[in-house]
Structure formats: structure tokens, C-alpha cells
Amino acid sequence: MATKKFKCKVCGYVHEGDKAPEKCPMCQAPQSEFEEIVEAAPAKKGLNTNSNVYTIVYSAVMVIIVAFLLVFVSQTLKDRQTANVINDTKQQILSALNLRDLPDVAGTYSKVIKADALMKADGSLATYNGEFNTSYKSESDNGNLHVFVAEIDGQTKYVIPMNGLGLWGTIWGYIALNDDRNTVYGVYFSHSSETPGLGGEIAGLKFQSRFPGKEVVDGNKVGLKVVKFGKADKDSKFEVDGVTGATITSTGVNAMINKVLSAYVPFLTAANVESND
């Protein structure tokens, strides 16, 4: 059994034993003047939250937890995100056909778009059997020149995807042609980072409405062009005014049209575009 300690409150003498002495051997104080000394329990060792080790470990654990949560959320929403991107791409294609702000994009697309085809070297079309694409730059870089065959009010239209560079970043769009493969039926343009109110206006109807009725091919080359605002010849079948105060972006749109459609000249000038598969 552990020995207790008692301290004399008069002289400070410390006595060890089961109980306090009858009298203090030092000052003769009675037993009532003694009090038991209760020693505090030794402090338990814990993690020092002010140490560098604690900070590093805590930060590492939090990073792992956050990373895990981000991966989980990303995987959970992946299918929905993919579906949204596909739906947005289909809306852009339909916008070139002057079908905008649709309540049922997927339904309208299935009804209007009759085929997603690839252009052959002779200008004819072959059925594309791959998955629906949302980035046609990579497709064109790989030599896959897509042509969407559509039907509007019983008339055939052809939609060609385009991509290029503006002032600050990428620009892209779609151009819809009548069944003569030469007259513009409609266009759609968008961008990643052009200046709002200036180059960003290529995404607006004010600019895009200047294209319908214009012609694409001049002989065996692309004739459609975007010129500096106010410089387009009103009697020209090919010239379109650019965006006010956005010469570089307008030049980018012109370069995109010329580069992309030049690759499609065999299709635009072919006597027959039916698939010969």
C-alpha cells in the first residue's frame, strides 16, 4: 500500500505514513494542523498541435480526404456532365440550322439530323459509325471531315463543323448549307475567351444573321470571306461585314472559314455526294 504524505501547516514539516502524527516532531503542533499532500497525476503525453509534424500530418490527411471527395463527386457526375456536353453540342449544330432555344434538343436533333457522315476524297459521303463527338478539332486533325445531313421542311441541308483561333483563344462554329452545297442557310459561332462586347459578339445573332444567302464557293476555291466592318461590298455574294471594333477576331473567323471549308471543296463542288459504300 502506497505511503501517504502529510504536511504541517505551521512549520512545513512533511510526514510520511498512513496518517498524520499526533504531534509535529518539529513544532509540536497538534494533528489537526496537518494536511494530506495529494500529488497531481502525471500529465498524459499527447500530440503537440503546435509542432511542424502535426501541421504536416494534418495537411496531408486533409489533402487526401479532399482529393478522395473530388474524385468521388467527379465520377458520380461524369455521366451527367457528358450528357450535358453532348446536348450542348447538338444544340449548337441545330442553331446553325436556325433552330435555337429548343425545349427538347435531343428530340429535335433526332428528328432533324438524318446522318452524321464523313467526307471521302472524291467528295462523296460515307456513314460515320463512331460515337458522337463534342470536339471536331481533334476529328479534323485526324482527317475525319464530318458533314451532318439534315432535313428542314422537306429540304436537305448540310452542316459542317469549324474551328480556329480568335484574339485570345479558340473559336468554333457550324455552317449550314442548302442542298446546292453552296448557299449559306445559317451559321453558329462561339468562343472560349474573346472580349465581351467586341470579339465576343461573334456568338450573337447580329453578326451571324449576316451570313444566310451568301455563297461559299467561287469556282474551285472558297469565296466566302469576313472583312473589316463596313468594308463588305453590299452587292457581293461572298463578303460579310466583321464585328465592329474586333478586327482580329473577325480575321480569325475569316481564317477559320477559309481553312476549314477549303478542306471540304471536293464535297462542295462534287456532282454527287451520296455515299457509295
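- Contact of the T134 side chain with the I86 side chain is registered, since non-hydrogen atoms from C-beta on lie closer than 4.5 Å.
- Using a 4.5 Å cut-off between side-chain heavy atoms of Ile, Leu, Val, Met, Phe, Trp and Tyr, with links allowed through other members, V147 and I113 fall into different hydrophobic clusters.
- Panel note: side chain Q31, backbone A20; a donor-acceptor pair is recorded below 3.5 Å.
- The shortest non-hydrogen separation linking A263 to L145 is O-CD1, 3.7 Å.
- In the displayed structure, E131 atom CD is contacted under 6.0 Å by at most 12 heavy atoms of other residues, nucleotides or ligands.
- Using a 4.5 Å cut-off on side-chain heavy atoms (C-beta onward), L177 and K157 make no contact.
- Residues V260 and P161 share a closest heavy-atom pair of CG1-O, 3.5 Å.
- Hydrophobic clustering, with ILVMFWY side chains joined whenever heavy atoms are under 4.5 angstrom apart, groups I152 together with Y109.
- Annotation for C11 and C27: closest pair SG-SG, 3.6 Å, computed over non-hydrogen atoms.
- Side-chain contact annotation: D180 with T183, donor-acceptor N/O pair under 3.5 Å present.
- Side-chain atoms of L165 and I171, non-hydrogen and from C-beta on, never get closer than 4.5 Å to each other.
- Of the residues listed (E35, E16, E36), the one engaging F6 in a side-chain contact (heavy atoms from CB on, under 4.5 Å) is E36, and it is the only one.
- Annotation: K23, atom NZ; neighbour count of heavy atoms from other residues, nucleotides and ligands within 6.0 Å does not exceed 12.
- Nearest heavy-atom pair, W172 versus S192, reported as atom, atom and distance to 0.1 Å: CZ3-N, 3.6 Å.
- Closest approach of A29 and C8 over heavy atoms only: CB-SG, 4.1 Å.
- Cluster annotation: Y136 and I160 are assigned to distinct hydrophobic clusters (Ile/Leu/Val/Met/Phe/Trp/Tyr, side-chain heavy-atom contacts under 4.5 Å, transitive).
- Between the side chain of E194 and the backbone N or O of W168, at least one donor-acceptor pair lies under 3.5 Å.
- In the hydrophobic clustering of ILVMFWY residues, with side-chain heavy atoms under 4.5 Å counting as a link, M162 and V243 come out together.
- Summarising the local packing, CG of N52 is surrounded by 12 or fewer heavy atoms from other residues, nucleotides or ligands at distances under 6.0 Å.
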(message) The test is side chain to side chain contact (heavy atoms under 4.5 Å, CB included); show your working for V112 and I93 and say whether it passes.
(response) CA-CA 11 Å; V112 171; I93 294 171; over 6 Å; no

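- Between F189 and F207, the distance separating the two ring centers is shorter than 6.0 angstrom.
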(request) Please report the C-alpha distance between N254 and V240 in whole Å, then the side-chain angles of each, then the deciding distance to 0.1 Å, and finally whether the side chain to side chain contact (heavy atoms under 4.5 Å, CB included) criterion is met. (result) CA-CA 9 Å; N254 180 66; V240 176; over 6 Å; no

(message) Show, in sequence, the C-alpha distance, side-chain angles and deciding distance for D18 and K4, and conclude whether the side chain to side chain contact (heavy atoms under 4.5 Å, CB included) test is met.
(response) CA-CA 6 Å; D18 295 335; K4 298 180 180 180; 5.9 Å; no

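- Note on ring orientation: taking the six-membered ring where Trp is involved, the planes of Y188 and Y174 are tilted (angle from 30° to 60°).
- Of the possible polar contacts, one joining the T251 side chain to the T247 backbone as a donor-acceptor pair under 3.5 Å is found.
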For residues 210-229, dump all side-chain donor-acceptor pairs below 3.5 Å to protein atoms at least two apart in sequence or in another chain.
residue : atom : partner : partner atom : Å
R210    : NE   : K206    : O            : 3.4
R210    : NH1  : D241    : O            : 3.1
R210    : NH1  : G242    : O            : 2.7
K214    : NZ   : S236    : O            : 2.9
K214    : NZ   : E239    : O            : 3.2
E215    : OE1  : N182    : ND2          : 3.4

(request) May I have the step-by-step check of side chain to side chain contact (heavy atoms under 4.5 Å, CB included) for D141 and K137, ending in yes or no? (result) CA-CA 6 Å; D141 288 345; K137 181 181 186 307; 3.0 Å; yes

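- Because its NZ or CZ atom is both nearer than 6.0 Å to the ring centre of F132 and within 45° of the ring axis, K90 counts as a cation-pi partner of that residue.
- Panel note: side chain N87, backbone A83; no donor-acceptor pair is recorded below 3.5 Å.
- Hydrophobic clustering (ILVMFWY, side-chain heavy atoms < 4.5 Å, transitive): F34 and V38 are in distinct clusters.
- Heavy atoms from other residues, nucleotides or ligands lying under 6.0 Å from CD1 of I248 number 12 at most.
- Contact record, V105 with L94: O-CD1, 3.8 Å, taken as the closest heavy-atom pair.
- The backbone N or O of D235 sits less than 3.5 Å from a side-chain atom of D233, completing a donor-acceptor pair.
- Considering F148, F267, Y185 as possible partners of Y158, the one that fulfils the ring pair (Phe, Tyr, Trp, His ring centres under 6.0 Å) test is F267.
- Between the side chain of Q208 and the backbone N or O of G186, no donor-acceptor pair lies under 3.5 Å.
- Checking side-chain atoms of Q91 against main-chain N and O of L99 turns up a donor-acceptor pair under 3.5 Å.
- With a 4.5 Å cut-off on side-chain heavy atoms, V10 and C24 do not count as touching.
- When only modelled atom types and interatomic distance are considered, N133 and Y128 share a side-chain donor-acceptor pair under 3.5 Å.
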